Amino acid sequence: MAERVGGGLLVAEPQAGSAGPREGDRGLADSARLVAANFVAMEDGYQMDVLAGRRSRQEVIAALYSYSRCVTGYAPEE
């Protein structure tokens with residue numbers, strides 16, 4: 001079940017019977033709200049870099065993956 005909170009954000013509640021965190025998971029480095037806001041700000045800023053020709057799409061994706069690894073401890077399959 002998800003709940004809409006201020007700013008239009010959806011907050012997901014754990015579902016009954018879900019496995020929950022796995023051993024070794026470390027969680028987020030900051031609040032989920034702050035991490036999400038940082039992603040939005042980074043995407044906005046990087047969009048301008050791509051449009052101005054200062055960064056390539058691949059450089060932006062690599063930077064966003066790097067940030068996600070730092071704040072979540074999770075390395076998505078690339």
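Nothing fancy with the numbering, it's 1 onward along the sequence. All values below were derived from every heavy atom in this structure, side-chain atoms included, with hydrogens, water molecules and symmetry-related copies excluded. A quick note: this is a predicted structure, and the numbers were derived from the prediction, not measured.
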ask   = Which pair of non-hydrogen atoms, one from Asp30 and one from Val35, has the smallest distance, and what is that distance?
value = O-CG2, 4.1 Å
request  = Report whether Val71 and Leu34 are members of the same hydrophobic cluster (ILVMFWY, side-chain heavy atoms less than 4.5 Å apart, transitive linking).
outcome  = no
message = Given Tyr46, which partner from the list Glu43, Met48, Met42 fulfils the side chain to side chain contact (heavy atoms under 4.5 Å, CB included) test?
response = Met42
query = Is it true that a side-chain atom of Ser66 and a backbone atom of Ala62 form a donor plus acceptor pair closer than 3.5 Å?
reply = no
inquiry  = Counting only heavy atoms from other residues, nucleotides and ligands, does the tally under 6.0 Å from CZ of Arg54 exceed 12?
reply    = yes
ask   = Looking only at heavy atoms, what is the nearest atom pair of Leu64 and Phe39, with distance?
value = O-CE2, 3.9 Å
